[in-house]
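Read the numbers this way: they start at 1 and go in the same order the structure lists the ligands and their atoms.
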Amino acid sequence: MLSQRAKNLAPSPTVAIDSRAKALLSAGVDVVNFSVGEPDFDAPESAKRGAMEAIEKGMNKYSPTPGLPDLLKAISKKFKDENGLDYAPNQIIVSNGGKHSLTNVFMVLVDPGDEVIIQSPYWVSYPEMVKLCGGVPVIVETTEATGFKMTPDMIRAKLTPRTKLINLNSPSNPTGAVYTPDELRAIVELAVEKNLYIISDEIYEHLLYDGAVTASPASFGPEAYEHTITVNGFSKAYAMTGWRAGFVGAPARIAKAIADLQSQTTSGISTLTQMGALRALEGSQEPRAMMRREFAKRREYVIERMQSIPGFALSVVPTGAFYVFPKVTGTYGMTIKGKTIQSSDDLAMLLLEEANVALVSGSGFGSPDYLRISYATATERLKTGLDRIDALLRQAQ
Ligand code: PMP
Ligand code: GLU
């Protein structure tokens, strides 16, 4: 018999659709994959050389659980230089991707019945991670009206004596919304007032457009720092999704709890990955800047195309990450190839089957009337995919 925990777990829809698209591609089907948030660029040369160096140096033994000392030092420097944060190396834990880092944080902070504030639209994994720890995700629904962002009042309305944590993600997946420093500060003040923790998932921190600015909540002062756990990773900044490297910076007692947890579950992550991550941080940051410039161009293109695709409406222009999240209720009722669209799930299925375009329905993100398009896809593929969507929807009766 499976555990209750396993029975209650929903599989990740982003991973499921990406796996399906990749399987179709390897079977020779010409699928355009807009489903997953995965930069199409190669990992930086510096990272590749780092992993080779690890092999050549015979770094074949267990790493210290929190990470190699040089990597912890380099991450500490990154936090200082890029985020204005003072995390000493012993306050940093490297894990198998941001996903693992986040799971560790929930594991050490959430007791059964504890409530975690999560906004919708949310990244698919947050509520499931909380549930895995026996916690209760409390969803604050955001809409276009607040630019897909929570305000302190919206959070306040959901607080109970069991509230433990507020989950923040700026720039956000799936909406591309960016919280300004003032907006973050107001939420952090509420967290400090109510003695709640903040998890700040900053994995898209470099992907900002049109002059958008955000901040690291832990940098707002000593109280903010004590209440915040900062999560980040190499997947998006360095196009290293398959390497699996994420990290947290946290007050020392929380970092120690995570290290203890990791020592009993996964141990330290692959030394090859760690050396790649170290050299990526030390090497030229031009690959990161180049990706951002490319994403900026693609973003302009996708936003423009959203204006004319039948039934799609993008009323909040995203200024971060690499996603657009249009409302697709305008397609409901359309009949195409004998199928009537009644939901964004129907639409996503139709687009996969009839246009060979994979994208993720809003339902997995807690916002069923939307659809997520990841534009971390080569420009020609972006055009091909959007042309196919447009052409299919124009056949509507
Ligand atoms: N946070 C957010 C918001 C994400 O979109 C992702 C993408 N998977 C992650 C964390 C974690 O990514 P990874 O595990 O590849 O570091
Ligand atoms: N975070 C990315 C996404 O949302 C990668 C897949 C996943 O881990 O969810 O598509």
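Annotation: Ser125 places no N or O atom under 3.5 Å from an N or O atom of ligand 2; distance criterion only. An N or O contact shorter than 3.5 Å links Gly37 to ligand 2 by distance.
Using a 4.0 Å cut-off between heavy atoms, Tyr122 makes no contact with ligand 1 at all. By the criterion of a heavy-atom distance under 4.0 Å, the side chain of Tyr204, and not its backbone, is placed next to ligand 1. Counting heavy atoms under 4.0 Å from ligand 2, residue Val360 does not touch it at all. Neither the backbone nor the side chain of His100 has any atom closer than 4.0 Å to an atom of ligand 1 (non-hydrogen atoms only).
Taking a cut-off of under 4.0 Å to the non-hydrogen atoms of Asp201, the atoms of ligand 1 that pass are 1 (N), 2 (C), 3 (C), 10 (C). Residue contact check: Lys236 has heavy atoms under 4.0 Å from atoms 6 (C), 7 (C), 8 (N) of ligand 1. Ligand-side atoms of ligand 1 in range of Arg244: 13 (P), 14 (O), 15 (O), range being under 4.0 angstrom from any heavy atom. Counting the atoms of ligand 1 from 1 in the order shown, those under 4.0 Å from a heavy atom of Ser235 are 13 (P), 15 (O), 16 (O).
No side-chain N or O of Thr214 forms a donor-acceptor pair with one of Glu205 less than 3.5 Å apart.
Ring-plane geometry between Phe325 and Tyr370 is classed as parallel, the angle between the planes falling under 30 degrees on a 0 to 90 degree scale with a further cut at 60.
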Report the C-alpha distance between Asp114 and Arg162 in whole Å, list the side-chain angles of each, state the deciding distance to 0.1 Å, and finish with yes or no for salt bridge (Lys or Arg N to Asp or Glu O under 4.0 Å).
-> CA-CA 5 Å; Asp114 282 351; Arg162 291 308 305 260; 2.8 Å; yes
Would you sort out whether Lys80 and Asp86 count as a salt bridge (Lys or Arg N to Asp or Glu O under 4.0 Å), showing the intermediate values?
-> CA-CA 6 Å; Lys80 181 80 188 156; Asp86 283 306; 3.1 Å; yes
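Ranking the protein heavy atoms by distance from atom 9 (C) of ligand 1 puts Trp123 CH2, 3.6 Å first.
At a 4.0 Å cut-off, at least one heavy atom of Asn169 sits close enough to ligand 1 to count as contact. For the pair Arg372 and ligand 2, a heavy-atom separation below 4.0 Å is found. The shell of residues lying under 4.0 angstrom from ligand 1, judged by heavy atoms, includes Tyr126.
Both tests hold for Arg185 against Phe220: distance to the six-membered ring centre under 6.0 Å, angle to the ring axis within 45°.
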